[in-house]
Amino acid sequence: MRYHSYGSSDVLVYEEADRPGAGPGQVVLKVAGTAFNPVDVPIRGGVLPDVFPVQFPHIPNYDVSGVVAEVGEGVSRWAAGDAVVAFLPMTAPGAAAEYVAAPAELLAAAPRTVDLVDAAALPSTGLTAWQALFEHADVRPGQNILVNGAGGSVGGYAVQLAARFGATVTATAGGRSRDRVRSYGADRVVDYGTAPVLEALAGQRFDAVLHLVLNLAPTAAEETAHLVDGLVADGGVFVSTTTEPPQDPGRGVRTARMDVRSDAGQLAGLVSRVDAGDLRIHVAERRPLTDLPAVHDLALAGGLAGRTVLTP
């Protein structure tokens, strides 16, 4: 699946393309699965051309699981037949295809305890959760943590990682994901459909707040500032993957707007946690790659129930 120009989901076309070759430092993967990421929608629409410049025709999807089919010059760690996962460069030709060329330095061995197709749901969102918690929020055992938006893929991993690390975790989630989030180890799950988060958690403060909720309203910055004021304890931290938080909110509170980066070492650590039974991969739905335009439309309409993995 690829597109030759920016536009609606109609620009996504299923067509024959040359199989990529492995350049120096690369491998070619036979794709088993590729996970849909919401940011692919604005990239396809041309909303972020300066942030995410792509060359046409562009193949989307940067999360991949698959098997090494070809090894390029200078690659010694990987061999044909190895099962791997990766978070690919976001603007390079992606994994919505039968084969994709990938930098060897970004690969990690795939989990052995889950289906290789479903392993595609781990890389970028698992890394986002890890980096948010332990690089930006500096979470420590015994702290009170709020994961705002725990029903999504990043939030699900964040709840599991924080709970396993010994934090007390409060999570916000909708009705369809409440039980799943609780099963991840959340000490309390707040249904944001019942009451606004600030109202439901009035008077409570948290050492760290992970804000994962996308808010496209004109008042998003103001609403985010209210979350910082109302939920973060003195000296605490507010980490957002979406709206830019206020830079200097006072009370010793630190804020950060983070972007995830690919890190093979951290990804290998997440894989180890999956194989040890400490981290669960949730896939809401598997769909054929030809359904990618429909998945884009469902994402815009808020109709995706969780992580969607597509198969060639």
Side-chain angles (χ1 to χ4, degrees), residues 1-4 12-37 39-40 43-44 49 51-128 130-131 135 259-275 281 289 292 309-312:
M1 293 296 298
R2 62 182 182 176
Y3 49 95
H4 294 254
L12 285 161
V13 292
Y14 187 63
E15 60 188 7
E16 291 290 331
D18 293 336
R19 173 176 160 172
Q26 290 184 324
V27 303
V28 171
L29 302 179
K30 181 173 176 55
V31 176
T34 179
F36 167 77
N37 288 288
V39 74
D40 281 327
I43 293 175
R44 183 217 68 224
V51 180
F52 299 111
V54 300
Q55 291 186 341
F56 297 125
H58 179 65
I59 304 171
N61 289 41
Y62 48 84
D63 278 313
V64 64
S65 60
V67 176
V68 175
E70 179 186 339
V71 176
E73 180 183 351
V75 176
S76 58
R77 181 178 176 185
W78 304 104
D82 289 342
V84 298
V85 290
F87 172 16
L88 303 175
M90 295 177 68
T91 57
E98 289 181 287
Y99 293 90
V100 63
E105 64 183 1
L106 301 183
L107 305 179
R112 301 182 305 276
T113 55
V114 300
D115 192 290
L116 183 58
V117 172
D118 293 340
L122 177 65
S124 69
T125 48
L127 286 170
T128 302
W130 180 270
Q131 291 168 18
E135 292 186 355
D259 292 307
V260 64
R261 72 179 190 284
S262 189
D263 186 307
Q266 290 180 356
L267 182 55
L270 294 172
V271 168
S272 296
R273 290 173 180 270
V274 171
D275 284 338
I281 293 176
L289 188 57
L292 187 58
V309 170
L310 299 113
T311 57

Problem - Parallel, tilted or perpendicular: rings of Y62 and F87 (30°, 60°) - result: tilted

Handout entry: Side-chain donor/acceptor of N37 to backbone N/O of V39, under 3.5 Å
Key = no

Practice task
Using atom types as modelled and distance alone, determine if a side-chain donor or acceptor of Q131 lies under 3.5 Å from a backbone N or O of V260.
Solution key: no

Fill in the blank from the handout: In this structure, CZ of R77 is separated from CG of D82 (nearest 0.5 Å) by 9.5 Å

Exercise for the section: Could you please spell out the steps behind the side chain to side chain contact (heavy atoms under 4.5 Å, CB included) verdict for V75 and V27? Expected result: CA-CA 8 Å; V75 176; V27 303; 4.0 Å; yes

Exercise for the section: Would you give the length of the straight line joining atom CZ of R2 to atom CG of L292, rounded to the nearest 0.5 angstrom? Expected result: 14.0 Å

Practice task
Pick out which of V31, T311, V85, T34 makes a side-chain contact (heavy atoms from CB on, under 4.5 Å) with S65.
Solution key: V85

Problem - V114: which of L122, I281, V271 passes side-chain contact (heavy atoms from CB on, under 4.5 Å) - result: I281

Exercise for the section: Begin from the C-alpha positions of L88 and V100 and carry the test side chain to side chain contact (heavy atoms under 4.5 Å, CB included) through to its verdict. Expected result: CA-CA 10 Å; L88 303 175; V100 63; 3.9 Å; yes

Exercise for the section: Could you tell me which residues satisfy ring pair (Phe, Tyr, Trp, His ring centres under 6.0 Å) with Y99, sequence neighbours excluded, listed by chain and number? Expected result: none

Problem - Audit row: E70, K30, side chain to side chain contact (heavy atoms under 4.5 Å, CB included) steps and yes/no - result: CA-CA 9 Å; E70 179 186 339; K30 181 173 176 55; over 6 Å; no

Handout entry: Side-chain touch V28/V68, heavy atoms, less than 4.5 angstrom
Key = no

Exercise for the section: Determine yes or no for a side-chain-to-main-chain donor-acceptor pair under 3.5 angstrom, with D275 supplying the side chain and T113 the backbone. Expected result: yes

Problem - Donor-acceptor side-chain pairing of Q266 and E135 below 3.5 angstrom - result: yes

Exercise for the section: Report, as yes or no, whether the 6.0 Å neighbourhood of atom CZ on R112 holds more than 12 heavy atoms from other residues, nucleotides or ligands. Expected result: no

Problem - Other residues, nucleotides, ligands: >12 heavy atoms within 6.0 Å of Q55 CD - result: no

Exercise for the section: Side-chain contact test, heavy atoms from C-beta onward, threshold under 4.5 Å: evaluate it for P89 versus L106 and give yes or no. Expected result: yes

Handout entry: Other residues, nucleotides, ligands: >12 heavy atoms within 6.0 Å of R273 CZ
Key = no

Problem - R261 and D263 ion-paired at < 4.0 Å - result: yes

Handout entry: Separation of L12 CG from Y3 OH (nearest 0.5 Å)
Key = 7.5 Å

Exercise for the section: Report yes if some heavy atom in the side chain of V13 is under 4.5 Å from a heavy atom in the side chain of M1; otherwise report no. Expected result: no

